[in-house]
Amino acid sequence: MGQKDISEKVLVDYNDVFADILNVCIYNGKEIVKPEELTNTAVHSQYKAEDGKLHEQERDVTKFWKEKNTAIAIFGIENQIKVDKKMPFRIIGYDGAAYRGQLLDKAKKVVPVVSFVLYFGTEERWNKHLSIKECLDVPKGLDEYVNDYKIHVIEVAWLTEEQLAMFKSDFGIVANFFVQKRKNKHYRPDDPREIKHVDEVLKLLSVMTGDKEYESILYYNQESGEVKNMCSVAQRLIREGREEGIQQGIQQGIQVLVGVLRKVGIPEEEILELIMEEYKLERENALQYL
């Protein structure tokens with residue numbers, strides 16, 4: 001499994017985060033699913049295709065929900081950066097494998113399987129198919145005989161302020177980041193809430209945004225433990241820009257610093273004032289770097 005795939009999955013795999021997502025998306029913020037009631041189950045399954053060969057498929061994260069050791073349901077979560085028009089076929093394959101697995105294990109009671117797609121895109125909404133029938137060109141007269149299958153997509157960047165307020169885990173911080181990033185692509189992280197799973201949050205942001213700056217902060221955190229919330233993430237990015245600027249010389253340094261400050265969403269006027277102060281430049285001279 002590639003590092004990118006691992007980074008996408010590891011935060012959601014924590015029971016506190018997984019339960020939090022379910023409680024907000026299914027139960028409107030009520031704490032119905034408890035972290036201690038969740039247990040991991042197999043993410044790999046096999047199927048025989050038309051070519052007669054055995055193939056393997058892998059879910060992102062899947063868990064049993066149990067109360068007093070009695071299974072209630074199986075939940076699966078898939079992470080998506082891009083819209084996938086074939087997602088209904090993928091989900092029906094995963095869910096079907098989960099039902100088949102229960103039958104093969106001779107479960108006394110077959111429990112329902114519920115799947116969600118976490119979509120982290122910020123440029124466009126999920127505008128593709130949400131059901132099997134939408135993917136098919138059903139011949140006339142067959143519609144009532146073709147079974148449909150719907151998927152549930154959570155558009156993270158389009159969650160409402162009310163929904164964001166319901167999250168109690170680190171996923172609330174992540175969700176808020178993507179909502180603000182959608183509204184302002186130069187958004188500077190400013191969430192004051194303390195991050196519990198720091199490494200996992202920063203790796204997820206790095207993978208989902210394609211910005212390696214977040215991952216580089218991990219090394220700083222491991223040495224000093226300074227990164228505690230998204231405010232300190234922004235401060236660290238700015239500080240790194242200054243340090244890199246000193247190493248590369250004044251002119252190059254100013255350009256590097258301006259680039260970093262723009263990346264974290266600081267307004268142009270504030271950038272101008274900052275480089276004037278840091279490098280003792282007159283406004284006219286400082287303007288050339290913007």
Side-chain angles (χ1 to χ4, degrees), residues 1-27 30-49 53-81 84 86-120 130-132 147 149-154 156 167-172 174-175 196-197 199-201 203-204 207-208:
M1 186 187 300
Q3 185 63 39
K4 177 176 179 292
D5 294 326
I6 296 172
S7 298
E8 289 179 12
K9 301 171 185 179
V10 68
L11 177 65
V12 178
D13 198 34
Y14 281 105
N15 282 356
D16 65 311
V17 175
F18 197 97
D20 196 28
I21 294 170
L22 296 178
N23 285 329
V24 172
C25 297
I26 300 176
Y27 299 109
K30 295 179 181 178
E31 295 186 58
I32 304 299
V33 182
K34 298 177 176 58
E36 62 271 19
E37 296 173 344
L38 296 172
T39 57
N40 285 3
T41 185
V43 294
H44 294 89
S45 60
Q46 289 77 36
Y47 66 95
K48 186 177 288 187
K53 295 181 180 179
L54 194 64
H55 297 265
E56 184 175 78
Q57 60 184 5
E58 179 183 356
R59 300 211 69 161
D60 283 351
V61 185
T62 181
K63 293 180 183 287
F64 265 113
W65 179 26
K66 298 180 178 180
E67 278 188 350
K68 298 179 181 179
N69 294 321
T70 301
I72 300 174
I74 296 175
F75 291 112
I77 291 180
E78 303 300 314
N79 297 302
Q80 283 292 120
I81 304 174
D84 183 356
K86 296 182 179 180
M87 184 59 71
F89 295 116
R90 287 175 54 190
I91 296 298
I92 195 174
Y94 296 147
D95 290 358
Y99 284 117
R100 185 172 63 248
Q102 293 183 75
L103 295 174
L104 292 175
D105 288 340
K106 297 181 180 179
K108 293 181 180 179
K109 176 184 176 183
V110 177
V111 299
V113 180
V114 181
S115 294
F116 288 96
V117 177
L118 292 180
Y119 171 57
F120 290 92
L130 292 172
S131 70
I132 292 291
N147 291 325
Y149 202 83
K150 298 180 180 179
I151 64 173
H152 308 286
V153 177
I154 301 167
V156 178
F167 288 106
K168 296 177 175 63
S169 72
D170 285 349
F171 195 79
V174 170
K196 180 179 179 181
H197 308 293
D199 289 7
E200 291 76 12
V201 168
K203 283 179 180 176
L204 179 66
V207 167
M208 293 304 185

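Keep in mind that what you see is a predicted model, and the values were worked out from it rather than measured.
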(message) I'd like to check V174 versus F120 (side-chain heavy atoms, cut-off strictly below 4.5 Å). Are they in contact?
(response) yes
(message) Restricting to non-hydrogen atoms, name the atom on F167 and the atom on I21 that form the minimum distance, rounded to 0.1 Å.
(response) CE2-CA, 4.1 Å
(request) Run the numbers on K150 and I132 for side chain to side chain contact (heavy atoms under 4.5 Å, CB included), then give the verdict. (result) CA-CA 7 Å; K150 298 180 180 179; I132 292 291; over 6 Å; no
(message) Looking at every heavy atom in both I81 and Y119, which two are closest together, and how far apart are they?
(response) O-CE1, 3.4 Å
(message) Is any side-chain heavy atom of F64 closer than 4.5 Å to one of E37?
(response) no
(request) Could you check if a side-chain atom of D13 sits within less than 4.5 angstrom of a side-chain atom of N40, using non-hydrogen atoms only? (result) yes
(request) Answer yes when D16 and K168 have at least one side-chain N-carboxylate O distance shorter than 4.0 Å, and no when they do not. (result) no
(message) Given 3.5 Å as the limit, does a donor-acceptor pair link the side chain of Y27 with the main chain of L22, or not?
(response) no
(request) Please round to the nearest 0.5 Å and tell me the distance separating atom CD of E78 and atom CD1 of I154. (result) 11.5 Å
(message) If I compare all heavy atoms of V111 with all of I74, which pair ends up nearest, and what's the gap?
(response) CG2-CG1, 3.9 Å
(request) Please name the pair of heavy atoms, one in I77 and one in F18, separated by the smallest distance, quoted to 0.1 Å. (result) CD1-CE1, 3.6 Å
(request) Report the distance from atom CD of Q80 to atom CE of M87, rounding to the nearest 0.5 Å. (result) 3.5 Å
(request) Give me the ring orientation class for H197 and Y14: parallel if the planes are under 30° apart, tilted from 30 to 60°, perpendicular past 60°. (result) parallel
(request) Please name the pair of heavy atoms, one in F171 and one in V156, separated by the smallest distance, quoted to 0.1 Å. (result) CZ-CG2, 4.1 Å
(request) Compute whether any side-chain donor of one residue and acceptor of the other, for Y149 and D95, lie under 3.5 angstrom apart. (result) yes
(request) Look up atom CG in N15 and atom CG in D20, then write down how far apart they are to the nearest 0.5 Å. (result) 12.0 Å
(request) Locate the shortest heavy-atom distance separating A19 from K34; write the atom from each residue and the value. (result) CB-C, 4.3 Å
(message) Working to the nearest 0.5 angstrom, can you tell me the gap between L11 CG and K196 NZ?
(response) 11.0 Å
(message) If we ignore hydrogens and angles and just use 3.5 Å, is the side chain of N23 paired with the main-chain N or O of I32 as donor and acceptor?
(response) yes
(message) Any side-chain to backbone donor/acceptor pair from N79 onto L118? Under 3.5 Å, distance only.
(response) no
(request) First locate atom CZ of F89, then atom CD1 of I151, and finally report the distance between them rounded to the nearest 0.5 Å. (result) 10.5 Å
(request) Could you check I72 against K66 for side chain to side chain contact (heavy atoms under 4.5 Å, CB included), going step by step and ending with a plain yes or no? (result) CA-CA 5 Å; I72 300 174; K66 298 180 178 180; 5.9 Å; no
(request) Report yes if some heavy atom in the side chain of V33 is under 4.5 Å from a heavy atom in the side chain of W65; otherwise report no. (result) yes
(request) Starting at CZ of F116, measure out to CG of D60 and round the result to the nearest 0.5 Å. (result) 15.0 Å
